[in-house]
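Notes follow the structure.
We use all heavy atoms of the structure for the numbers below, so side chains are in, but hydrogens, waters and symmetry mates are not. Whatever order the structure lists ligands and atoms in, that order sets their numbers, starting from 1.
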Amino acid sequence: MRYISTRGNAPALNFEDVLLAGLASDGGLYVPENLPRFTQEEIASWAGLPYHELAFRVMRPFVEGSISDTDFKQILEETYGAFAHSAIAPLRQLNANEWVMELFHGPTLAFKDFALQLLGRLLDHILLKRDERVVIIGATSGDTGSAAIEGCRRCENVDIFILHPHQRVSEVQRRQMTTILGENIHNIAIEGNFDDCQEMVKASFADQSFLKGTRLVAVNSINWARIMAQIVYYFHAALQLGAPARSVAFSVPTGNFGDIFAGYLARNMGLPVSQLVVATNRNDILHRFMSGNQYFKETLHASLSPSMDIMVSSNFERLLFDLHGRNGVALAELMSTFKATGKLSVEEDRWVEARKLFDSLAVSDEDTCATIADVFKRTGEVLDPHTAIGVKAARECRRNLSTPMVVLGTAHPVKFPDAVEKAGIGKALELPAHLSDLFQREERCTVLPNAIEAVQAFVAQHGNRGKPL
Ligand SMILES: *Cc1c(COP(=O)(O)O)cnc(C)c1O
């Protein structure tokens with residue numbers, strides 16, 4: 001499989017190189033040159049497969065030529081064998097023809113484990129083969145950091161540095177990162193906010209001289225491998241609900257448009273997906289596009305669903321590329337307009353095309369809490385605030401009551417106790433068994449000033465399993 005840039009002016013890469021790449025050299029994002037397409041018979045024959053075996057069939061065309069079948073099978077079995085629920089992504093019925101797909105049974109309790117636990121193992125495999133070491137620098141407001149650290153803790157050839165804003169992540173989220181003690185794990189608390197952290201990561205990608213030749217790898221969802229891993233669970237859920245004989249709809253709590261883009265790809269690969277609902281919080285740039293063809297930046301608002309607090313959606317460019325007939329030149333132009341003016345809209349027929357599949361809703365904190373309370377009252381299930389937004393949007397935007405609607409349950413509620421409490425749910429939430437001693441574990445973290453020189457000096461000093469690069 002070859003991968004090309006959305007802006008049409010960077011070299012095509014194979015899977016191995018795309019895994020190690022960040023943005024393409026022309027500023028675009030990598031996408032498969034040709035998406036694999038499965039027949040209905042083929043998809044039907046996968047019903048009932050264990051998750052890792054389905055994952056092998058869905059993802060095999062993407063890694064072909066870079067990883068052998070035997071190795072890939074083993075990597076997938078190990079990755080998903082570490083999840084706490086034997087169904088890996090169980091479906092829980094909330095209402096008539098309405099389900100939540102629980103994507104929070106991985107080690108760090110959010111859906112990001114599906115991709116990042118795999119990414120760590122893929123990196124390890126490919127770096128050992130190439131006898132190469134890399135450094136990862138990532139910024140997190142919570143979920144990505146812990147999933148990336150957990151995914152890379154056993155990687156022999158990776159040193160990972162995760163920046164989080166000092167005293168601005170929840171205690172559970174912080175402890176999930178800082179209690180993983182390994183000589184290649186480096187938690188840095190920055191005396192600043194999340195944007196400061198993200199800026200430092202971007203600047204480090206732009207000028208990598210401080211790394212003395214060591215390659216820098218991205219773990220945010222611009223990394224293609226993350227999107228790829230997320231395609232699988234759309235197949236998994238749909239097969240259980242009668243696909244491919246029957247269509248299925250999905251509602252996806254959305255921030256950077258990575259998770260829902262994977263659902264769009266599943267459909268283009270042959271899965272009968274009849275509707276995708278973009279569910280956002282009040283940071284609703286994607287809802288503004290879907291409802292009115294207006295994509296523009298606004299101020300960032302802190303919400304009860306912090307993992308979806310974004311101003312722009314980094315993966316949206318991948319959809320725009322398809323909407324423009326995969327014309328890289330047109331996309332480069334569109335994105336440079338966006339860079340200059342902070343806004344874009346597309347030609348009417350392209351927008352109408354998008355709206356055939358996508359609907360959207362922006363959900364306030366108030367409605368988020370009301371949904372958590374309502375679902376708890378009716379079913380006894382406690383939703384996390386992100387999932388609650390997905391449920392609310394699913395109910396408002398649903399096109400057809402006889403089509404099964406699956407809401408992606410993106411995080412475990414125990415990660416977001418404030419929202420659950422605000423929703424008036426008195427029940428105390430318990431950490432799952434593998435994290436039950438989280439509050440007793442030793443923490444390791446370095447606090448650094450909000451200054452890029454300090455961060456880069458720290459990386460250079462510790463980037464080789466705790467020793468200087
Ligand atoms: C990251 C995250 C999201 C948003 O996913 P995107 O791929 O960025 O759209 C939603 N919910 C939770 C809990 C997350 O951690």
Side-chain angles (χ1 to χ4, degrees), residues 29 89 100-117 119 138-151 164 169-170 172-173 176-177 194 198 218-231 233-234 250-266 276-281 283-287 289-290 300 303-319 358 360 362-363 368 372 382-393 407-420:
L29 281 78
V100 168
M101 170 160 53
E102 295 183 350
L103 299 173
F104 47 74
H105 296 287
T108 71
L109 314 181
F111 83 89
K112 291 185 171 73
D113 281 327
F114 277 81
L116 284 165
Q117 303 309 313
L119 182 71
T140 190
S141 54
D143 299 333
T144 302
S146 55
I149 289 173
E150 183 68 44
H164 72 262
V169 297
S170 79
V172 172
Q173 288 180 319
Q176 282 187 303
M177 299 190 276
F194 173 64
Q198 207 165 28
V219 286
N220 58 4
S221 57
I222 63 168
N223 190 312
W224 162 258
R226 283 192 55 183
I227 307 286
M228 171 185 87
Q230 293 167 190
I231 298 170
Y233 45 69
Y234 287 90
F250 292 90
S251 175
V252 188
T254 297
N256 274 321
F257 205 74
D259 209 5
I260 195 165
F261 185 70
Y264 162 83
L265 294 176
L276 288 171
V277 179
V278 179
T280 76
N281 61 29
N283 299 293
D284 61 350
I285 184 165
L286 289 166
H287 175 59
F289 176 81
M290 291 301 170
L300 189 69
S303 78
L304 287 177
S305 44
S307 305
M308 287 156 45
D309 287 349
I310 49 97
M311 286 198 317
V312 294
S313 289
S314 42
N315 284 289
F316 190 55
E317 179 169 343
R318 288 184 158 122
L319 179 71
F358 291 98
S360 67
V363 179
T368 304
I372 296 174
V382 181
L383 301 181
D384 98 283
H386 307 80
T387 307
I389 286 173
V391 168
K392 173 76 179 166
V407 179
L408 272 58
T410 51
H412 193 294
V414 77
K415 288 190 104 166
F416 301 97
D418 292 355
V420 172

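- Note on ring orientation: taking the six-membered ring where Trp is involved, the planes of Phe358 and Phe257 are tilted (angle from 30° to 60°).
- The distance from the CG atom of Leu103 to the CG atom of Leu408 is 5.0 Å, given to the nearest 0.5 Å.
- Counting heavy atoms closer than 4.0 Å to ligand 1, residue Asn256 contributes atoms from both its backbone and its side chain.
- Each of the following atoms of ligand 1 lies closer than 4.0 Å to a heavy atom of Ala411: 13 (C).
- What sits closest to atom 4 (C) of ligand 1 on the protein, heavy atoms only, is Gly255 N, 3.6 Å.
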| request: Show the numbers, then the answer: is there a side-chain hydrogen bond (donor to acceptor under 3.5 Å, both in side chains) between Ser307 and Asp143? | output: CA-CA 7 Å; Ser307 305; Asp143 299 333; 2.7 Å; yes
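- Shown in contact with Gly258 at under 4.0 Å from a heavy atom are these atoms of ligand 1, numbered in order with element: 6 (P), 7 (O), 9 (O).
- Counting only non-hydrogen atoms, the option in Arg226, Gln230, Met308, Lys112 that gets closest to atom 15 (O) of ligand 1 is Lys112.
- The protein atom (non-hydrogen) at minimum distance from atom 12 (C) of ligand 1 is Thr410 OG1, 3.5 Å.
- Between Thr254 and ligand 1, a contact under 3.5 Å exists for no N or O pair.
- Distance CE/Met290 to CD1/Ile285: 11.5 Å, rounded to 0.5 Å.
- In summary, the side chains of Arg226 and Asn223 do not present any donor paired with an acceptor at a separation below 3.5 Å, with no hydrogens or angles considered.
- Nearest protein heavy-atom neighbour of atom 7 (O) of ligand 1: Asp259 N, 2.9 Å.
- Under the 4.0 angstrom criterion for non-hydrogen atoms, Pro253 is in contact with ligand 1.
- Considering only non-hydrogen atoms, atom 5 (O) of ligand 1 lies nearest to Phe111 out of Phe257, Phe111, Phe104.
- Distance alone, capped at 3.5 Å, is enough to place a donor-acceptor pair between the Ser251 side chain and the Gly390 backbone.
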| task | Apply side-chain hydrogen bond (donor to acceptor under 3.5 Å, both in side chains) to Asn315 and Asn256, showing your working. | result | CA-CA 6 Å; Asn315 284 289; Asn256 274 321; over 6 Å; no
